[in-house]
Amino acid sequence: MSSILESRSLTKKFGGLLAVNDFSLEVPEGSISCIIGPNGAGKTTFFNCVVGFYLPEEGEIIFNGKPIQGMPPYKITGLGISRTYQNIRLFSNMTAIENIIVGQHAHTKATMIDAVLHTPKNRKEEKESVTEAQRLLEFVGLSGEGDILARNLPYGAQRRLEIARALANKPKLLLLDEPTAGMNPYESAELTSFIKRLRDELGTTILLIEHDMRVVMKISEQITVLDYGSKIAEGNAKEIQSNPKVIEAYLGRGAASGLSLSRD
Amino acid sequence: MIDEANKLFSNLTRRFGRQTVMIVGILLVIGVLVLPVIEFQRQAFWVRVIGFTGLYIILGLGLNIVVGFAGLLDLGYVAFYAIGAYTYGLLASGQFGIHLSFWLVLPLAALLAALAGVLLGIPVLRMRGDYLAIVTLGFGEIIRILLNNLRGFTNGSQGVVGIDKPVIFGYVLDSGIHFYYMIFILVAVVAFFSNRLNHSRIGRAWIAIREDEDVAEMMGINTTLYKLLAFGSGALVGGLAGAIFSAWQGSIFPDNFNLFVSINVLSLIIIGGIGSIPGVIVGALALITLPDVLRQFSDYRLLLYGLLLVIMMIARPEGFIPSQRRKLELREEDPQPVTD
């Protein structure tokens, strides 16, 4: 399997702090991969580098065979990378369906002239946008709730709406930043199978940051462990669970001898 | 056009009841249309007051694109009004002995103002919130001070006088009533286009920027371009209003374009309901018409006016007519607004 995203010796500094340090990663196309690590390990910083929000000091990010570091975020999005946020960041005063329609921005073309004159092109595009957004609402189980302002939706629905908005961009790679944060075990199990379905039905490669080990171990085909900005381990669920370095990073020295990360 | 009017109508009926809206609407339209042709006491005064309200509605609709839709706090909006006014003033008066047609200069004034809007936009693109407000505030003042001091060009504080009246098919538009109708046509046109923009790909991109700029860019929106587009369109509308103002007045002075114009326009947007087009109209009635209605209270006028503003902001901080998004998922025969 070829890799859709590749990070080569990526380094991002904030002043004297090495947030991401010489980090290399290959995400196989069509996989569900996961980045784990203690708080402050640089996981979200890495996401921010991939989407162009941060400019890394060193290294390269290759997406679909092309280097993308230094490109503005809107262009990277146009290439087919979407993301969600750790703390939900919806457009709260827009309706749910409008959030999804904004997510389609990179694929729609109406100009100001089209919008003002309601040209046939604009009408057609608006219609298609709404239809596509309705389809996505249904896909994430929010049918009938599209006309509710995003801020008035319950928490779980907001999480799913954020994913639907990210999917509206028809991404080849979807970055999910702690998608199950704040969910109870039932909700997170439901989301886990939803993420699997995403990959299986849409063929989207998924890279996620996750803290919930039940979720991580259940769906990841590749797990990468970050600690203090550096990669300390990589492998499948089994390999990671028994890796002493990982246990040490999570639980501290000493704990590594007798414990394993597996909770079930 | 009819489509939009229908939507607005169903929005209002939902909120206030069908009958009330019908009666108020009909009275308003008739009132506005016939006011200049019926004879009554102090008619000229009222034509002037309502005409000015219309001018401020245009300014409000223009600034609403920048502040209400895109969320860019602009405290120097008067600059574009001034640029529009001086463009016509200088190109159609004895100042340089140039007498171009109003209908030629009107689009030129709009274009020049839009250009100024984009030029102001470029250096302030990276600024947000308070910082943006301070820079735009400075820009508004710079334009006014330039108008005051470039004596050879603008005639300084003596102003530009003897500005030509517009001519249409050999007929000179020189009375207040002509400008009254001209302004109301422009109000309708600007409101119509502004409403279409609001519910388009462009408007949604603006609102996304207002809601969360970083995330908006992550949606594939070129935020730089869209912010410049907002500054440009807002300024364009300001330029149109300025050109009409200078033709109507026949003389313009730098002091016509002081900070209070910007503040008034911003206040009427906030009081009406930020981002809301009907809100701008109600806001202008409250802030521009009302002080003249209160004129009979002479000394207490400003006190009453100030009190009203304070009460309004405490009782209804979201404005008279808060902005609403349209229902898109479950469209019924007539679209209804999203309620909280």
Side-chain angles (χ1 to χ4, degrees), chain A residues 48 51-53 72-79 81-85 89-112 114-118 122 125-126 129-130 133-134 137 142-152 162 165-166 168-169, chain B residues 1 3-4 65 68-69 71 189-190 192-226 228-230 232-233 236 274-275 318 322-332 335-340:
Chain A
N48 280 326
V51 298
F53 189 67
Y74 75 90
K75 280 196 178 151
I76 293 179
T77 303
L79 292 176
I81 299 183
S82 292
R83 73 168 293 182
T84 64
Y85 294 85
R89 286 173 81 173
L90 290 165
F91 302 118
S92 40
N93 287 311
M94 299 177 94
T95 60
I97 198 167
E98 276 185 313
N99 268 272
I100 299 177
I101 295 173
V102 171
Q104 300 169 1
H105 190 92
H107 297 277
T108 46
K109 290 186 187 64
T111 61
M112 201 146 163
D114 295 319
V116 163
L117 300 180
H118 269 201
N122 182 70
E125 194 179 273
E126 284 283 309
S129 290
V130 172
Q134 283 165 334
L137 277 173
L142 288 175
S143 271
E145 292 175 75
D147 291 325
I148 297 174
L149 290 183
R151 65 180 150 94
N152 292 338
E162 213 190 17
R165 184 181 67 178
N169 182 40
Chain B
M1 189 70 150
D3 195 30
E4 257 85 4
I65 294 174
F69 296 169
V189 170
V190 175
F192 174 65
F193 285 156
S194 173
N195 186 44
R196 278 194 165 178
L197 276 176
N198 187 10
H199 296 282
S200 72
R201 175 173 182 259
I202 316 296
R204 283 187 298 261
W206 281 334
I207 293 166
I209 291 173
R210 179 189 79 195
E211 295 288 302
D212 192 327
E213 193 176 329
D214 297 334
V215 179
E217 188 162 12
M218 225 57 83
M219 296 294 116
I221 295 167
N222 181 348
T223 49
T224 306
L225 177 76
Y226 277 86
L228 289 181
L229 219 51
S233 339
L236 184 138
I274 197 152
E318 74 278 19
S323 74
Q324 288 189 321
R325 303 308 301 169
R326 253 182 220 163
K327 282 195 176 178
L328 289 173
E329 192 197 4
L330 306 169
R331 235 191 289 229
E332 285 143 46
Q336 284 144 3
V338 173
T339 44
D340 251 307

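Here is how names work: the chains are called A, B, and so on, in the same order as the sequence lines, proteins then strands, and each is numbered from 1. Predicted, not measured: the structure shown is a model, and the values here were computed from it. Note that these values count all heavy atoms, side chains included, but never hydrogens, waters or copies made by symmetry.
The minimum heavy-atom distance linking B:Ser233 with A:Met112 is given by the pair OG-CE, 3.1 Å. Across B:Met218 and A:Pro73, no two heavy atoms sit closer than the pair SD-CB, 3.8 Å.
Of the possible polar contacts, none joining the B:Arg325 side chain to the A:Met94 backbone as a donor-acceptor pair under 3.5 Å is found.
Note that CD of A:Glu98 and NE2 of B:His199 are 7.5 Å apart. Values are rounded to the nearest 0.5 Å. To the nearest 0.5 Å, the span separating CG on A:Leu137 from CG on B:Leu328 amounts to 10.5 Å. Separating the NZ atom in B:Lys327 from the CD1 atom in A:Ile148 is a distance of 9.0 Å, to the nearest 0.5 Å.
Ranked by heavy-atom pairs shorter than 4.5 Å toward chain B, the options A:Pro72, A:Gly144, A:Ser92 are led by A:Gly144. The residue among A:Val51, A:Thr108, A:Ile97 with the most heavy atom pairs within less than 4.5 Å of chain B is A:Thr108. For the set A:Thr95, A:Val102, A:Ile81, the entry with the most heavy-atom pairs within less than 4.5 Å of chain B is A:Val102. Contact tally against chain B (heavy-atom pairs below 4.5 Å) for A:Gly103, A:Ala110, A:Gly78: the top residue is A:Ala110.
Between A:Thr77 and B:Met219 there is no side-chain heavy-atom pair separated by less than 4.5 Å. Side-chain contact between B:Asp214 and A:Arg89 is present, with heavy atoms from C-beta onward closer than 4.5 Å. Contact of the A:Phe91 side chain with the B:Val215 side chain is registered, since non-hydrogen atoms from C-beta on lie closer than 4.5 Å.
Residue A:Ser129: no heavy atom, backbone or side chain, is found under 4.5 Å from chain B. Looking at A:Asn169, there are no atoms closer than 4.5 Å to chain B (heavy atoms on both sides), in backbone or side chain. Proximity to chain B is limited to the side chain of A:Glu125, based on heavy atoms less than 4.5 angstrom apart. Of the two parts of A:Lys109, only the backbone, made up of N, CA, C and O, holds a non-hydrogen atom closer than 4.5 Å to a non-hydrogen atom of chain B. The parts of B:Ile221 that come within reach of chain A are both its backbone and its side chain, each placing non-hydrogen atoms under 4.5 angstrom from that chain.
The side chain to side chain contact (heavy atoms under 4.5 Å, CB included) check on A:Ala150 picks up A:Leu90, A:Asn99, A:Leu161, with sequence neighbours excluded.
Sorted by first then second residue, the salt bridge (charged side-chain N to carboxylate O under 4.0 Å, His left out) pairs that include residues 200-211 of chain B, not counting sequence neighbours, are A:Glu126-B:Arg204.
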